[in-house]
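A short write-up of the structure that comes next.
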Amino acid sequence: MNYTWDWSVLTQSPYLGWLLSGAGQTLAASAGSWILAMAVGFLIGALRSLPYRWTSAAASVYVEVFRNIPPLVQLFLWFFVFPEIVPASLGDWIKGQMPMPELTTTIVAIGLFAGSRVAEQVRAGVDTVRVRLLPAALATGLTPLQAYRLVLFPIALRRIVAPLTSELLITIKMSSIGLTIGLMELTAQSRQIENYTFHGFESYACATAVYLSIGLIATGFMHIVNRRLTGSLAGNR
Amino acid sequence: MSSMPNQDSKPDAGAPMIAVENVSKSYGHSQILKNCSLSVARGEVVVVCGPSGSGKSTLIKCINGLVPFDSGNIAVDGISVGGPRTNLPALRAQIGMVFQHFELYPHMSALENVNLAQIHVLKRSRAQAFEVSTRLLSRVGLADKLQSRPGQLSGGQQQRVSIARALAMNPKAMLFDEPTSALDPEMVNEVLDVMQALAQEGMTMVVVTHEMGFARRVADRVLFMDAGQILEDTKKEQFFKEPATERARLFLSKVLTH
Amino acid sequence: MDWSVIWKYRELLAHGMVVSAMLVGAGMIGGMIVGALLALARLSRFRTLAFVVGGYVTVIRSVPLILVLFWFYFMLPLITGQPLGAITSALTTFVLFEAAFYCEIFRAGILAVPQGQSLAAAATGLGNWQTLRLVVLPQAVAAMVPLLLNQAIILFQDTSLVYVVALRDFLTAANVVVGLNERPIEVYTFVAVVYLAICYGVSLLVGRSKKAALR
């Protein structure tokens, strides 16, 4: 394999600047999508767990639709189709004046996709505790709604931190699909560097290292969240 | 405060079947077994009792090498358990073990459970294994359950299959790790009856259990363990009449009030 | 709206779907074979091997598939010394990518079998390999099936990403149609519905296999 190595490529400008800006966009897209995913996911997950037929069905429809369509297809729908089917004034604003259209569209698309997955985790979490705790809560005189709000949801939340961590990592990786609509995030920038310098190995290795680091930080963050939440349950573990 | 291992044993005693000498084991910072010694003669039935966490299960699992120990010696019929040259699977084939949670293979019928090791370890033919398994399952009272899966059997039935599975290997000794602790009360006796019959046929047995009635009826010797040490090792009559240590007295008083 | 455009370009779209199916097929079969080998390596007693394989699996699972596609597209021709076609590179990438995920599914399935089962088998004198083959694996497989089906759904969705290397799978073919006709609403909606139907259908199978595993 004949390949000339040159790691200094990564520290020269403009390449270093590209990498930093790419990492920044990745972080922005990941954070934005995750916040949206958590908000939507908990709302939909809660609706799905409540024992009322209509809310549960509506939430199920959301989850199945947003979970089974590939995220890239969803991104294209939001970017190419959505502005065309809404009233013209909104459509024009989206296409013209909306700030950071690539980033915003990416956040909306990934956020709603990940939100459906978070909703599933919430529902699974509530299901595992419901069997034992719901009768116990109802037996103390709580109404069903109170039982869900005060007992089931808080406990389910603490139990799903681990699977949610894996959803967070998936969301971070998903942010790369933004490059198809022009978001110059980390993967896109590393490809750009390869195109310009032919030192693909170095630039992809660097991007890999950055993704690994972001993943480690995210895992560590969720670990701390887990400790703070379950500390109150487990006593002095 | 450990008493001397008792030298009186059954008339057909020779070299001990199971010899445990000064065995210790630690796990992390806690010491699970502290210098345990025990000798089981051929045909003897030894019951090991004591509070939870005393190390009884660990000790019995050291005897067939399922749990490694840090120091000391264990020999079964003269073969060293910790020895570097010992063929552990071959040794285990000669010792039968019955677990608290039965551990039957859920994807196989009762018959297949009892057949498995006969075919793959003793290299018996399918026909031979079938004959032995059928005989043993009938002996434990399950002649009509040969094709049943563990999921279709009650706890007591599963444990009896598990005993048959161990007996199918023609073991020299049988180890029982709390065999009835996971059973509903009405099923405990059907298992204890099988174990009593086995003892009467002369099987060498080490039984970890809380069933003091069984110990009174069937055991030759009783061991009492607490916090990793063997505190008592006496003939059964002596143990139930007047245990030597305060700790054992306390334990007995609590257990026997039921 | 003009939905006839889909019918007009049905051949192009069907070809794209065939490519997607090929990627799924190769990814699953190749991925499972390599994944099984990786799982055995990770569970083996050779600690350096287990460590290296563990490292590979961790990196692949932490990094976006698009980046892995770019990586392999760049690296494979350098390793083999000659340029590879787009489809070969994509197939190789998918096999090596999915293998990491299948490795973890196999490992999780095997480790999920209660330890008591291995102890009971060992107590009757069965050796390590015998225990794995006769007692652990049959039980592990039942638990793995829903996870494997789930991974198949994810794999099918992931095939749409070959768009970034211009391989003409179902989605990329649809893009070509949009480029020719400027009818994004009809075409992308159609694409979304097709993916939805297929993935939802398989997810129903996953539900059934989960219930079967609990039996």
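Within every chain, numbering begins at 1; the chains are lettered A, B, ... in the order of the sequence lines, protein sequences first and strands thereafter. Excluded from the calculations below are hydrogen atoms, water molecules and symmetry mates; all remaining heavy atoms, backbone and side chain alike, are included.
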When Phe76(A) is tested against each of Val187(C), Asn175(C), Val191(C) for side-chain contact (heavy atoms from CB on, under 4.5 Å), which residue passes? Asn175(C)
Between Ile170(A) and chain C, with a heavy-atom cut-off of 4.5 Å, which part of the residue counts as in contact: side chain, backbone, both or neither? neither
Report which part of Ala205(A) has an atom under 4.5 Å of a heavy atom belonging to chain C: side chain, backbone, both, or neither. both
Which bit of Leu169(A) is near chain C, if near means a heavy-atom gap under 4.5 Å: side chain, backbone, both or neither? neither
Flag the pair Val178(C) / Phe80(A) as yes when at least one side-chain heavy-atom distance between them is below 4.5 Å, and no otherwise. no
For Asn68(A) and Leu196(C), the nearest pair of non-hydrogen atoms, with its separation, is CB-CD1, 3.6 Å
Looking only at heavy atoms, which two atoms of Lys173(A) and Arg61(C) are closest? And how far apart? NZ-O, 2.7 Å
Interatomic spacing from CG in Leu65(C) to OG1 in Thr187(A) - rounded to 0.5 Å: 10.5 Å
Chain C contact via Ser190(A) - which portion, at a heavy-atom distance below 4.5 Å: side chain
Looking at CE of Met174(A) and CG of Leu161(C), how far apart are the two atoms once the value is rounded to the nearest 0.5 Å? 7.0 Å
Could you tell me which portion of Tyr163(C) (side chain, backbone, both or neither) has an atom closer than 4.5 angstrom to a non-hydrogen atom of chain A? side chain
Bottom line for Phe198(A): the part with an atom under 4.5 Å from chain C's heavy atoms is backbone
Can you tell me which portion of Val59(C) sits under 4.5 Å from chain A's heavy atoms? Options are side chain, backbone, both or neither. both
Between Gln157(C) and Arg67(A), is there a donor-acceptor pair closer than 3.5 Å when you use the side chain of the first and the backbone of the second? yes
Evaluate whether atom CD1 of Ile29(C) has more than 12 neighbouring non-hydrogen atoms of other residues, nucleotides or ligands under 6.0 angstrom away. no
Between CD1 of Ile69(A) and OG of Ser160(C), what distance do you get to the nearest 0.5 Å? 11.5 Å
Kindly write out the residues that satisfy side chain to side chain donor-acceptor pair (under 3.5 Å) with Ser60(A), not counting sequence neighbours, or none if the list is empty. Arg48(A)
Quick check for you: among Glu84(A), Glu194(A), Arg191(A), which has the greatest number of heavy-atom pairs under 4.5 Å with chain C? Arg191(A)
Of the backbone (N, CA, C, O) and the side chain (C-beta and beyond), which part of Ser203(C) lies under 4.5 Å from a heavy atom of chain A, both, or neither? side chain
To the nearest 0.5 Å, what is the distance between CD1 (Ile185(C)) and CZ (Phe82(A))? 12.0 Å
Just how far is it from atom OH of Tyr188(C) to atom CD of Gln74(A), taken to the nearest 0.5 Å? 14.0 Å
Using side-chain heavy atoms (C-beta onward) and a distance below 4.5 Å, is Thr208(A) in contact with Trp71(C)? yes
Scanning both residues in full, the closest heavy-atom pair of Glu64(A) with Tyr200(C) reads OE1-CD1, 3.2 Å
Please determine, among Gly81(C), Ala197(C), Ala192(C), the option with the most heavy-atom pairs under 4.5 Å with chain A. Ala192(C)
Quick one: pull up OG in Ser62(C) and CD1 in Ile214(A) and give me the separation to the nearest 0.5 Å. 11.5 Å
Which atoms form the tightest heavy-atom contact between Leu67(C) and Ala207(A), and what is the distance? CD2-CB, 4.0 Å
Among Gly215(A), Ala188(A), Gly200(A), Pro71(A), who wins on heavy-atom pairs under 4.5 Å with chain C? Gly200(A)
